[in-house]
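Position 1 is the first residue of the sequence, and the numbers go up from there. When reading the values below, keep in mind they use all heavy atoms of this one structure, side chains included, and skip hydrogens, waters and symmetry mates. Whatever order the structure lists them in is the order used to number ligands and atoms, beginning at 1.
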Amino acid sequence: MPTVFEMIINGEIPSTKLYEDADIVAILDIAPKAKGHSLVISKKVYETVADCPTETLSKMMEIVKRLDARMREQLGADGTNVFINNSPASGQEVPHLHIHVVPRYKDDGLSFFPPSTKYSEGEMAEYGKKLAL
Ligand code: AMP
């Protein structure tokens, strides 16, 4: 079963394309968190960031940088949120790696993240040990 993004890449369903090369396509999100919300998509299907070669991620980030600049220049954005949802637990709906780029404006009231949580005594050090690379 092809992902919705494969169908877009194959021209089977329409999209508003912002960029395309041999490896990557960028489109407008159909249900934007803010007008101009864009998706940078790897043409080859990798489900999550863990599956994707670093070289491809690097190419995708180059397009993210260009979109960030374009949003500031053309939309007057004061900033952007750039994020990837990895696996359904994170909210990933389309199992085909894509980077969200959302234009942000001072005091736009958008909220993407839950409030901060707190570590109990000693817990931060435990997490630090577990995650140290
Ligand atoms: P995620 O939850 O990270 O998998 O995000 C999937 C995104 O794809 C959502 O923001 C959807 O609005 C978007 N989306 C789904 N179908 C389409 C489509 N046909 N064209 C453009 N964006 C889409």
Contact check, side chains of Arg104 and Asp78, non-hydrogen atoms, under 4.5 Å: no

Contact list for residues 10-38, test salt bridge (charged side-chain N to carboxylate O under 4.0 Å, His left out), sequence neighbours left out: Lys17-Glu20, Glu20-Lys43, Asp23-Lys59

Criterion side chain to side chain contact (heavy atoms under 4.5 Å, CB included) on Ile41 and Ile9, from CA distance to verdict: CA-CA 9 Å; Ile41 304 164; Ile9 289 160; 4.3 Å; yes

Geometric class of the His96/Phe5 ring pair [parallel <30°, tilted 30-60°, perpendicular >60°]: perpendicular

Residues lining ligand 1 [heavy-atom distance under 4.0 Å, listed by chain and residue number]: Val4, Phe5, Ile8, Ile27, Leu28, Asp29, Ile30, Ala31, Leu39, Asn85, Gly91, Gln92, Glu93, Val94, His98, His100

Ring center gap for His100 and His98 short of 6.0 angstrom: yes

Short side-chain donor-acceptor distance under 3.5 Å, Ser58 and Glu55: no

